[in-house]
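Okay, structure first, notes after.
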Amino acid sequence: MTTAWISIKESRKAESIGQTVQVRGWVRTRRDSKGGFSFIEVNDGSCFGNLQVIADGSLANYASEITSLSVGSSVIITGEIKASAGQGQATEMFASEVRITGVASATDYPLQKKQHSFEKLREWAHLRPRTNTFGAVARVRNRLSFSTHEFFQNDGFFYVHTPIITDSDCEGAGQMFRVTTLPLDKLPMTDGKVDMSQDFFGKSSYLTVSGQLEGETYATALGKIYTFGPTFRAENSNTSRHLSEFWMIEPEMAFFELTDNMTLAERYLKHMIQEVLTHCPEDMDFFEKRIQPGVTAALQLVLDKPFTRMSYTEAVDILIKSGEKFEYPVAWGVDLQAEHERFITEKHIQGPVILYNYPKEIKSFYMRLNDDGKTVAAMDVLVPGVGEIIGGSQREERLDVLTERMVASGLKAEYYWWYLDLRRFGTVPHAGFGLGLERMVQYTTGMANIRDVIPFPRSPGNCDF
RNA sequence: UCCCUUGUAGCUCAGUCGGCAGAGCAACGGACUGUUAAUCCGUGUGUCGGUGGUUCGAGCCCACCCGGGGGAGCCA
């Protein structure tokens, strides 16, 4: 009879006591203890914690292999799970066999049995998921992704796959990555200009900066849809909150107005937080203790309180009356700076805030013009520590207004003919928003730098791995 | 892209006035004989980010370039 292979997660549960099982994973530490035997801590990624394995000196390969078993080596270990005699864990395994699958040379393996800086670990992005922090981040990120699908699917939304390669520049402003198969060393030239008709698609094409416009086409057919995929921005931004490649979730709903949009955003955020707190307690415990004390309490508070909703005009008013010294002066009509948003969400409200009804001049052409003629039905969800986590709006469904706004923004209406068709044929009020997955991971884990919440970060000047 | 800051051993960092490159940890060798980040003794380790310049002599001074961090803008 073969021994059952169970995960470290299973092996750490009290129910496993008494069973003889097999675990497979990687050595985190080895402590040779004073009794002619060793403690081996094994982790297989299934959970935050390790399984402590006791390898006795009587094992055949004890002297030859186990006493020199190095951090990072892969092992298959068989033994009996017992209640732990020591502190710090419920169970431990008494090994009857320790098989070494692959050695990680102690002199060459970069990860040491100590803390490394996140900056250094970025250089070893292929190995950093083997650390406590990055394992925990990966599991939380997974849960946020899963709960996204869970939330929308349970709410009658359809998952729509919008294209990665596109010819449309969603907001008329975003800097895009060009996609081309033209030979860069000898570009086909016509009249002194590159002849894009000879490119793969017969015209210029780019990586998407947003699936929103395409998403609207399906929302105005299927009712409620969401997209969840990678997006690309060729902006030269070097901050702890920006990536060149990041994942975005964009729901789009027919017959939704701005307040429906806000309600959905709030329910969605709360669902994700609830799921992470429920399913990742060990990982969250780690973030609480080692990354950002207070995160769990802050998240719990988000669940308990309704989000504050505040118009742009009210926000400007509060900022002006605050008496706070800002580097950038506040006045109605100017875009809110990071310091302003931080004041509102971190000091004034101390929790998530939904700001809405922004001046039309500082927002995109597709956002619905309000009756005042000055503002558009836009909304941003701001969150302490991270800032803008969601940006959304009710979309302009009136053909004439939309066309006018487009022209005013310097866009060619004929280029967006298919987008305008949605207003020509059975137009409806509709709304949607975009949530940056990485910012959500930052918010839930307390991780300071966005480069540490995505497996292989892409940023200006950095595309390793 | 702008401002500030930083790059020295596998890792964290020191390096004075321009004059032979140095600590801790890790690793390695040994001792200790139920440990939970790092018990004791001993032994190594270098393209000083890159290129050019000044100088008898540059880790140190100058110029340019490339990374990292913090802040700003852009946004999610």
Side-chain angles (χ1 to χ4, degrees), chain A residues 28-41 49-57 67-68 70-71 84-89 92 94 104-124 132 170-171 173-175 209-212 229-250 265 290 326-328 335-342 362-364 378 380-383 386-392 433-443 448-454 457 459-462 464:
Chain A
R28 279 295 178 80
T29 72
R30 190 198 78 244
R31 294 181 292 274
D32 293 329
S33 201
K34 313 160 197 176
F37 60 92
S38 298
F39 295 98
I40 307 168
E41 294 229 18
N50 306 322
L51 177 65
Q52 172 165 284
V53 175
I54 288 91
D56 193 75
T67 51
S68 58
S70 49
V71 175
S84 178
Q87 297 278 306
Q89 61 276 320
E92 57 190 21
F94 283 73
S105 157
T107 45
D108 299 337
Y109 188 60
L111 299 180
Q112 296 173 13
K113 221 170 76 175
K114 65 168 196 178
Q115 282 195 13
H116 283 100
S117 70
F118 293 149
E119 292 81 25
K120 182 50 71 178
L121 286 171
R122 266 173 233 152
E123 294 172 25
W124 304 321
N132 283 339
C170 177
E171 309 190 0
Q175 296 154 64
V209 295
S210 164
Q212 182 201 315
T231 44
F232 309 87
R233 307 245 170 123
E235 274 142 21
N236 192 7
S237 28
N238 290 290
T239 83
S240 56
R241 300 176 306 281
H242 292 262
L243 288 167
S244 308
E245 176 182 294
F246 65 98
W247 287 68
M248 191 153 63
I249 294 121
E250 296 180 285
R290 306 297 286 272
F326 294 115
E327 194 186 333
Y328 294 86
D335 209 352
L336 297 181
Q337 304 293 314
E339 57 175 345
H340 305 143
E341 297 184 344
R342 205 171 298 131
I362 58 172
K363 289 288 179 183
S364 295
D380 282 352
V381 180
L382 310 180
V383 120
V386 177
E388 182 177 348
I389 202 167
I390 282 180
F433 60 82
L435 172 121
L437 177 66
E438 285 74 20
R439 291 192 181 169
M440 187 61 196
V441 181
Q442 279 189 280
Y443 184 49
N449 197 307
I450 200 164
R451 295 178 187 114
D452 298 326
V453 297
I454 188 168
S459 54
N462 203 323
D464 297 332

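As a basis for the values below, the full set of heavy atoms in this structure was taken, side chains included, without hydrogen atoms, waters or symmetry mates. By convention in this document, chain letters (A, B, ...) are assigned in the order of the sequence lines, proteins followed by strands, and residues within each chain are numbered from 1.
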Listed nucleotide nearest any side-chain atom of A/K120, set B/rA72, B/rA76, B/rC11: B/rC11
Pairwise 5' ranking along RNA chain B for A/S240 and A/S244, keeping only the more 5' one: A/S240
Contact under 4.0 Å: A/N462 side-chain N or O vs B/rG68 OP1/OP2: yes
Sugar-phosphate, base or nothing in reach of A/Q337, heavy atoms under 4.0 Å: sugar-phosphate
Touch class at under 4.0 angstrom, heavy-atom based, for A/R451 against every strand present: sugar-phosphate
Sugar-phosphate, base or nothing in reach of A/Y109, heavy atoms under 4.0 Å: nothing
Touch class at under 4.0 angstrom, heavy-atom based, for A/Y328 against every strand present: sugar-phosphate
Sugar-phosphate, base or nothing in reach of A/G461, heavy atoms under 4.0 Å: sugar-phosphate
Short side-chain N/O contact from A/R342 to OP1 or OP2 of B/rG71, under 4.0 Å: no
Any A/S117 side-chain nitrogen or oxygen under 4.0 Å from OP1 or OP2 of B/rU12: yes
Short side-chain N/O contact from A/N449 to OP1 or OP2 of B/rG70, under 4.0 Å: yes
Stem list, RNA chain B (Watson-Crick or G-U pairing under 3.5 Å, at least 3 consecutive pairs): B:1-7 with B:66-72, B:10-13 with B:22-25, B:27-31 with B:39-43, B:49-53 with B:61-65
